[in-house]
Amino acid sequence: MSDTLYLAHINDTHSHFDPSPVNLSFDIDQQSKPYTIDCGGYAQIASAVAQHRENAAEQHCPHLLLHAGDSFQGSLYFSCYKGRANSRLLNMLRPDAMTIGNHEFDLGNDPLQEFIAEADFPLLAGNMDLSQENQAKSHPMRPLENLYSYNSEKGIAQYLLKSMGEAPLAIFGITLDSMPSIGSPDPDCLFVDAIETTRITVKHLKQQGIHRIIVLSHLGYAGDVALAEAVPGISLIIGGHTHSISGDFSDLNVAKAEDINHRPNGSLILHAGQHAESIGLFQLRFDQDGQVHQLEGGVKFLVDSDNLGVPATISGVERSQLKQAIVDHPQLQRVPRQAAMETLIAREYRPAIEAMHRQQIAELPWPLIHTRLPNEQFPAGSEIAPLVCKAFYLAAQTQGEIDFALHNAGGVRVSLKAGPLTLAEVHGRLLPFQIPIVAYSIKGKDLRQALEGALNNAFNNGVIGSGDGSYPYCYRLRFHYEPDNVAGERVQRLQLYRDGEWQAVCDDSQYRGVSSAYTLAGKEGYSMLTRSGQHHELGYTMSDAFAEFAFEIFGNQSATA
């Protein structure tokens with residue numbers, strides 16, 4: 001049936017190749033009880049996609065597998081293998097297309113270029129403008145034939161055409177036009193307005209007689225709604241970025257669930273969650289105008305058909321009841337781990353991860369709490385973030401004089417419990433983003449304004465901030481924030497610890513600092529850090545620096561911060 005499409009989609013997989021623990025609620029003994037169930041992973045995704053493709057073939061219908069971005073970052077697999085493992089495993093899944101998310105740019109353009117070059121499928125970023133790209137640099141992206149970026153001559157997104165009988169289907173990708181402020185693309189990698197690019201591309205497609213149009217988006221759910229409201233004529237938006245999930249999951253107590261029946265301007269919006277825990281598996285039927293008028297299937301959490309993801313600690317009658325509840329639930333799908341995918345992960349990649357879990361680097365004598373902002377319980381704020389800053393400082397000191405270290409609160413992800421601290425905990429949970437630390441020189445007045453920008457952003461003080469993750473933590477640097485002062489005068493009593501005492505920072509003096517490359521690029525209110533100079537990448541990632549620090553300090557149990 002040429003008007004029916006079998007669609008499988010995933011997003012925000014973040015290098016979660018193994019099953020992930022997911023907190024779900026089930027009705028046991030007429031009570032809703034919480035359980036942590038292992039869901040998904042690439043081997044189960046591979047089985048689910050294979051089954052769906054087989055169903056499509058039996059019905060003589062076309063099939064698509066789409067990935068809505070953010071394959072990079074988020075697990076120890078990325079810490080160890082960067083994009084290389086992602087491209088290899090995604091090639092085995094055989095997606096028809098993937099859009100480019102913001103985390104694909106975390107390490108700059110070079111790793112992304114290598115990932116695209118190794119991919120056997122199209123990468124879509126229709127509002128990424130490479131017309132100014134320097135073709136003499138080591139890893140230019142414009143020559144890559146499987147990259148569908150912005151066509152600057154026509155002002156439209158490059159698009160794929162798929163056959164659906166006599167009526168073709170077009171697919172193009174749209175990513176965040178705010179990419180320079182949240183990712184780390186090269187300066188010659190530009191991003192044009194997402195909505196306007198979509199509007200012109202849809203108009204162009206309609207003029208070609210193409211009415212079945214899929215936008216593969218990495219704008220987040222609210223961004224997709226805004227896109228659909230602004231641009232009529234989109235059949236379907238497959239989205240990512242906010243880790244949202246389409247459908248009613250209230251009985252499972254799943255967060256970020258969105259109404260699948262909300263169709264602004266007639267456009268269906270579908271998101272499939274996060275971390276390869278779940279997958280959208282649909283059959284769609286289009287009308288002559290390109291709208292989806294019939295929808296079957298849904299987003300499913302995947303559980304291993306052998307053990308259903310039930311923890312070994314649950315036994316007896318409760319175990320039997322929980323297994324039956326999983327089997328009966330329509331939004332959980334039982335699939336085996338595909339042998340080829342599981343064997344590859346187990347042989348090529350998992351041994352290094354298991355070794356990191358076994359490698360203890362320290363014994364923490366007490367817990368270290370992380371909170372992004374100071375509060376009543378923790379008036380000084382995070383206990384761990386200043387130690388991360390100290391780790392940056394000590395790493396930088398081995399290569400030259402440094403005055404201070406500065407890091408944003410959102411760059412630290414979790415608190416640490418007392419007891420054994422493993423390399424896996426540092427690289428996989430505490431500081432999972434593999435971002436280098438950089439030494440730099442900056443004037444006192446620019447440092448002051450960078451701190452104020454970050455604080456204004458964290459507190460939405462005079463600006464629409466991007467979240468409290470911008471709150472600055474420091475080592476050998478202190479300040480006082482006066483939120484009611486006029487802009488430009490809110491950071492007061494800015495001081496450095498030098499020569500055994502606290503000294504005032506002078507506006508016109510130069511100071512040497514160390515921060516993550518992310519913060520130094522001016523993200524999240526730190527725009528004045530872009531005025532810094534004499535940058536020197538230290539050869540450490542954030543997690544490298546802290547692991548070495550933790551071993552030296554807590555590994556010897558001389559725990560003085």
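Atoms considered below: every heavy atom in the structure, side chains included; atoms not considered: hydrogens, waters and symmetry mates.
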task = Could you list all the salt bridge (charged side-chain N to carboxylate O under 4.0 Å, His left out) pairs where at least one residue sits in residues 80-92, not counting sequence neighbours?
result = R88-E348
query = Sequence neighbours excluded, which residues qualify as salt bridge (Lys or Arg N to Asp or Glu O under 4.0 Å) partners of K137?
reply = E133, D186, D188
request  = Using ring pair (Phe, Tyr, Trp, His ring centres under 6.0 Å) as the criterion, list what pairs up with Y148, not counting sequence neighbours.
outcome  = none
inquiry  = Among residues at least two apart in sequence or on other chains, which ones pass side chain to side chain contact (heavy atoms under 4.5 Å, CB included) with D110?
reply    = S138, H139
message = According to side chain to side chain contact (heavy atoms under 4.5 Å, CB included), who are the partners of D96, at least two apart in sequence or on a separate chain?
response = L64, L65, L66, K162
message = Show every ring pair (Phe, Tyr, Trp, His ring centres under 6.0 Å) that has at least one partner inside residues 32-56, sequence neighbours left out.
response = Y6-H52, F17-Y42, H52-H63
Donor-acceptor pairs under 3.5 angstrom involving side-chain atoms of residues 380-387: please list them, not counting sequence neighbours.
| from | atom 1 | to | atom 2 | distance (Å) |
| --- | --- | --- | --- | --- |
| S382 | OG | H370 | ND1 | 2.8 |
| S382 | OG | I384 | N | 3.2 |
| S382 | OG | A385 | N | 2.9 |
| E383 | OE1 | I369 | N | 2.8 |

ask   = With H103, which residues qualify under ring pair (Phe, Tyr, Trp, His ring centres under 6.0 Å), at least two apart?
value = H14, F433
message = Taking side-chain hydrogen bond (donor to acceptor under 3.5 Å, both in side chains) as the cut-off, I'd like each qualifying pair that reaches into residues 297-309, sequence neighbours left out, listed once.
response = D304-R337
Residues which pass side chain to side chain contact (heavy atoms under 4.5 Å, CB included) with L394, listed by chain and number, not counting sequence neighbours = K390, F549
task = Mind jotting down which residue pairs meet the ring pair (Phe, Tyr, Trp, His ring centres under 6.0 Å) criterion with at least one end in residues 303-340? Sequence neighbours excluded, please.
result = none
request  = Can you sort out the partners of H357 under side chain to side chain contact (heavy atoms under 4.5 Å, CB included), two or more places apart, ordered by chain and number?
outcome  = L76, I353, A424
